[in-house]
Amino acid sequence: MSIPVWMDVDTGIDDAIALMVLHALPELDVKALSAVCGNSPLSCSYRNTRSMNTVLGTRYPVYAGAEKPLLREARHAPAVHGENGLGDVEVALPADEVLYEEPMWDALYAEAVRQKGQLRLIATGPLTNVAIALTKYSDLKDYLHTILIMGGATQGGNTTPSAEFNMYADPEAAAIVFKAGVPIVMCPLDVTERILLTPDEWKATAANGAKTGQFLCDILKKPWSFHKPYGRAGVQMHDSVPVIYLAHPELFDTEEAGVVVETKGTVTLGKTVTDLYSDKQFDFKNATVVLDADIDAVKRIILNSIGQAS
Ligand code: BDR
Ligand code: CA
């Protein structure tokens, strides 16, 4: 039996790759996608997500969400994801595209009710859309089975010394989601930083004749130009982690933790404070935190998914 999934993305190079993985995994049944402001402005992340229907040969419904974080100015990441969010690669929209005008939160609520408590929500961008949906529909929390989040870190950050990008971009939204009472799977930098695709691996995927392999090479040029000078071996596949966890939890090690998102700190804004390594514990456990993975098996799933998507 396949698992009903909604994925909220800020496409985004690694979001695009995660969508290829999502599409390829037979365990997952994609109900719809939605876009949020994050790696690029909403106009770009919404368009890029719709253009993945061209890349994949699919016609998944794509809904737009928030144009800016709840309280703060938008932050984007053009140095990693390009000005358009997709490494400045232009992909045509499907000629027969159907546009879905409903805001993401209304469509998500209707789908969650339809799925009677079985819908899994994967979120790989800032949590603005998810927070708006949970706030507008107070019973949505009872209809969502799990929210799987790429975000946060139990140690340092990638955007500040304390915070990971998705949490830092909208800390108030993240705080609402972690407090909502829906079971949460948090996939932090601790594990996502270690899922790296190397240039040899992405070039081999294209050389194998996979049409999406060439797309992969094209979109990875921009993040590789950013990461290579730091001496990294490749580009991190952050956003594929919650997707693969949902289909194959047996490939990961997790711990139950109390997690709170810092919204007031100056140096610690957006930090996901966990009680995993503390003598003092919170009096709640609100998240399953993914801490380790069978890295080779996870990478194999990503590379096979890209080969399959052609
Ligand atoms: C996260 O931030 C974005 O740049 C990536 O798409 C990923 O979701 C990693 O911190
Ligand atoms: Ca993302």
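Note that ligands are numbered from 1 as they come in the structure, with each ligand's atoms numbered from 1 the same way.
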**Test: R59 and E97 ion pair at under 4.0 Å** =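 Salt bridge absent between R59 and E97.
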**Asked** Are V235 and I17 in one and the same hydrophobic cluster, where Ile, Leu, Val, Met, Phe, Trp and Tyr link if side-chain heavy atoms are under 4.5 Å apart?
**Response** yes
**Prompt:** Side-chain heavy atoms under 4.5 angstrom apart, residues restricted to Ile, Leu, Val, Met, Phe, Trp, Tyr: same cluster for M20 and V5?
**Reply:** yes
**Request:** Keeping to residues at least two apart or across chains, list the salt bridge (Lys or Arg N to Asp or Glu O under 4.0 Å) pairs with something in residues 147-156.
**Result:** none
**Item:** Amino acids in close contact with ligand 1, where any non-hydrogen atom sits under 4.0 angstrom away
**Value:**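 Under the 4.0 Å cut-off, ligand 1 touches D14, D15, N39, H81, T124, M150, N158, E164, F165, N166, H238, D239.
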**Fill in**
The remaining residues in the hydrophobic cluster of V80, counting side-chain heavy-atom contacts under 4.5 Å among Ile, Leu, Val, Met, Phe, Trp and Tyr, are F226, Y230
**Message:** If you count every heavy atom of other residues, nucleotides or ligands that lies below 6.0 Å from K136 atom NZ, does the total exceed 12?
**Reply:** yes
**Request:** Assess whether atom CD of E250 is packed by more than 12 heavy atoms of other residues, nucleotides or ligands within 6.0 Å.
**Result:** yes
**Given W105, Y109, Y100, Y46, the one that forms ring-ring contact (aromatic ring centres under 6.0 Å, His included) with Y63** =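 Checked W105, Y109, Y100, Y46 against Y63; only one passes ring-ring contact (aromatic ring centres under 6.0 Å, His included): Y100.
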**Request:** Could you pull out the N/O/S protein atoms under 3.0 Å of the Ca ion (ligand 2), ignoring any water?
**Result:**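 Short answer, with waters excluded from the count: D10 OD1, D15 OD1, D15 OD2, T124 O, D239 OD2.
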**Message:** Please tell me whether Q236 and H227 have a donor and an acceptor in their side chains that are separated by less than 3.5 angstrom.
**Reply:**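 Yes.
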